[in-house]
2 protein chains.
Amino acid sequence: MQQSLSPFDIGRIRGLEPARERAGGEQVSPCGACSVRHLTFCAPLGEEELNHVSRIVQNIELHPGDPLFDEGEDATHLYSVTAGAMKVYKLLPDGRRQIIGFLFAGDFLGLADDEAYAYSAEAITHSALCRFPRRKLEALLERYPRMERRLLGMASHELAAAQEQMLLLGRKTAKEKIASFLLSLGRRAEQRGQTANPVSVPMSRNDIGDFLGLTTETVSRTFTQLRQAKLIALMPAGRVDLLDVEALQDIAEGN
Amino acid sequence: MQQSLSPFDIGRIRGLEPARERAGGEQVSPCGACSVRHLTFCAPLGEEELNHVSRIVQNIELHPGDPLFDEGEDATHLYSVTAGAMKVYKLLPDGRRQIIGFLFAGDFLGLADDEAYAYSAEAITHSALCRFPRRKLEALLERYPRMERRLLGMASHELAAAQEQMLLLGRKTAKEKIASFLLSLGRRAEQRGQTANPVSVPMSRNDIGDFLGLTTETVSRTFTQLRQAKLIALMPAGRVDLLDVEALQDIAEGN
DNA sequence: GCGACGGATTGACGTAGGTCAAGGCCGCGC
DNA sequence: GCGCGGCCTTGACCTACGTCAATCCGTCGC
């Protein structure tokens, strides 16, 4: 029951106040508001580490369309998403946009190899995040190698996903891209303990296009193609029913 | 003068023998054969760490076309390139190929978030590598957090590069892709202390195409376009003279 | 120096997906 | 419950890039 507050409740109560301001001796959720502990980089930590982490974490709440930070800004914080959906993207000067990834509860963002963020981040739905001052977190990493190990694992994971996405962007057809995308959304929902089959697709067609290297129109046309082939069904509230997962997998792999 | 042997000399002498087998009390290059210490993940290490590293490293030499490992293989080793050029790629079942990256001296490969390699690796030119048994390296990481920190930094760097490549693959035109590619090769050559302007392009047109999401023919046509526009000149031995770097940068950014 | 072979170039043509434009649908505010 | 605005869908058309097919050229073996 220490988890009985949703990330939004916590965000609402505390706003941007540091977690430690929430005094009172009661069992504080160890990683600040990270109710999805098992998914964040706090997962493998002991109580001592978690207590330190909870002292530097802040809670943030964002509404659809709210920006979190922009490409090129000083990378002062790392974030971990605890609820909702975010998008991170890069822009070309003329406005062309590539969405680098969609983030859900348990994903983190803000790793920068430089001092500046390499991409912009913005909320798609009502979202909650944990925010870690970079400097303070680095001090903790220094002290708790296990956290660094965990962070390395998460970066490797991100890297593998990015490489898979390069294969998609460079070599797959529109139909293959959409099939891969839907399956991947499903897989990730499953990992978060949500339902994988009527998969929730909270982002716009335009966002999907900018993620897959397509236009809104092509995304839309491809959805109707798949619908007409009875491979998917479009349901209310941005849900998509994957009617024939096997066939979608074949398409996604180019068979 | 402890660096007087080139990576190839060392590879030739030792083949795949573990570095420690090269006995004799003389000053052994600390990171095994990593003559490019400042570029590899050994860079920030002290003598003690380097001695440990040198005890687990092996040296490998590859010839053009030699495979290093294949996607899906058990990820038993990490590698660091000390000379030459490698390519890493992913394949679709029908043979379509996406080259994930080209690697030169100082780059590393083999990070896998899973137990299996997520891509295949193959030599483009005559190349030399350091090879680290994954298990043993992990033990070292445990012991020397600085190495882990360094590895995290390198993974972050790779991640940023991958994200930049997604922007390229998803949103740039053929001309923009080629201009970006040439400039990026130049930048990296510079970082290795090589000449950035007549830039060395050791890979085939086909490889370039599979890296940029284009065909051989489009790569070739785009090169001649840029040549005819006097922005580049094609020189013997796969060198490309960047005649107007500013103009190329404008093209690369989509202006 | 000569011939052969593999990569590079060029041309002619085809097409997947982009562009432009017109509705349609749905949720929200008043 | 009516109108408005944003997204989605669909259609007609276009173009950047792919495909297929000749050469071309540089390198290497002899």
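A quick note: this is a predicted structure, and the numbers were derived from the prediction, not measured.
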Which pairs, protein N/O on one side and nucleotides 13-15 of chain D N/O on the other, fall under 3.5 Å?
none

Report the distance from atom OG1 of B:Thr215 to atom CZ of B:Arg221, rounding to the nearest 0.5 Å.
7.0 Å
OP1 or OP2 of C:dT10 under 4.0 Å from side-chain N/O of B:Thr224:
yes
Tell me: CD1 of B:Ile208 to C1' of D:dG18, nearest whole Å?
18 Å
According to salt bridge (Lys or Arg N to Asp or Glu O under 4.0 Å), who are the partners of A:Glu253, at least two apart in sequence or on a separate chain?
none
Return no unless some side-chain N or O of A:Ser204 is found under 4.0 Å from OP1 or OP2 of D:dG6.
no
So the ring-ring contact (aromatic ring centres under 6.0 Å, His included) pairs with at least one residue in residues 199-228 of chain A (sequence neighbours excluded) are A:Phe102-A:Phe211, A:Phe181-A:Phe211
When the distance from CZ of B:Arg227 to C1' of C:dA8 is rounded to whole Å, what number comes out?
11 Å
With the side chain counted from C-beta on, respond yes when B:Leu103 and B:Tyr79 share a heavy-atom pair under 4.5 Å apart, and no when they do not.
no
Between protein and nucleotides 15-17 of chain C, what N or O pairs are separated by less than 3.5 Å?
| from | atom 1 | to | atom 2 | distance (Å) |
| --- | --- | --- | --- | --- |
| C:dG17 | OP1 | A:Ala174 | N | 2.9 |

Which protein N or O atoms sit under 3.5 Å from an N or O of nucleotides 20-28 of chain C?
| from | atom 1 | to | atom 2 | distance (Å) |
| --- | --- | --- | --- | --- |
| C:dC20 | N4 | A:Glu217 | OE2 | 3.1 |

Less than 4.5 Å apart, side chain to side chain, heavy atoms only: is that true for A:Leu129 and A:Asn59?
no
Report the residues that fulfil side chain to side chain donor-acceptor pair (under 3.5 Å) with A:Lys177, sequence neighbours left out, ordered by chain and then residue number.
none
note: B:Arg205, atom CZ; D:dC25, atom P; distance rounded to Å ~ 15 Å
Side chain to side chain donor-acceptor pair (under 3.5 Å) with A:Asp210: which of A:Lys87, A:Lys90, A:Arg205, A:Arg97?
A:Arg97
Provide, to the nearest angstrom, the distance between the CD1 atom belonging to B:Ile178 and the P atom belonging to D:dC17.
10 Å
Between P on C:dA8 and CD on B:Gln225, what's the gap in Å once rounded to a whole number?
18 Å
Separation of A:Asn206 atom CG from D:dG5 atom P, in whole Å?
20 Å
Report the distance from atom CZ of A:Phe223 to atom C1' of D:dC8, rounded to the nearest whole Å.
11 Å
What is the distance from CG of A:Leu226 to C1' of D:dT9, rounded to the nearest Å?
15 Å
Need one value for A:Leu234: base, sugar-phosphate or nothing, where a base atom within 4.0 Å counts as base even if backbone is also close, heavy atoms only.
sugar-phosphate
Nearest atoms (heavy-atom pairs only) where A:Glu71 meets A:Leu91:
OE1-N, 3.7 Å
A:Asp107/A:Arg192 ion pair, N-O < 4.0 Å
no
Distance in Å, A:Met154 CE paired with A:Phe108 CZ, rounded so as to fall on 0.5 Å steps
5.0 Å
Once you measure the plane-to-plane angle for B:Tyr119 and B:Phe69, does it fall in the parallel (<30°), tilted (30-60°) or perpendicular (>60°) bin?
tilted
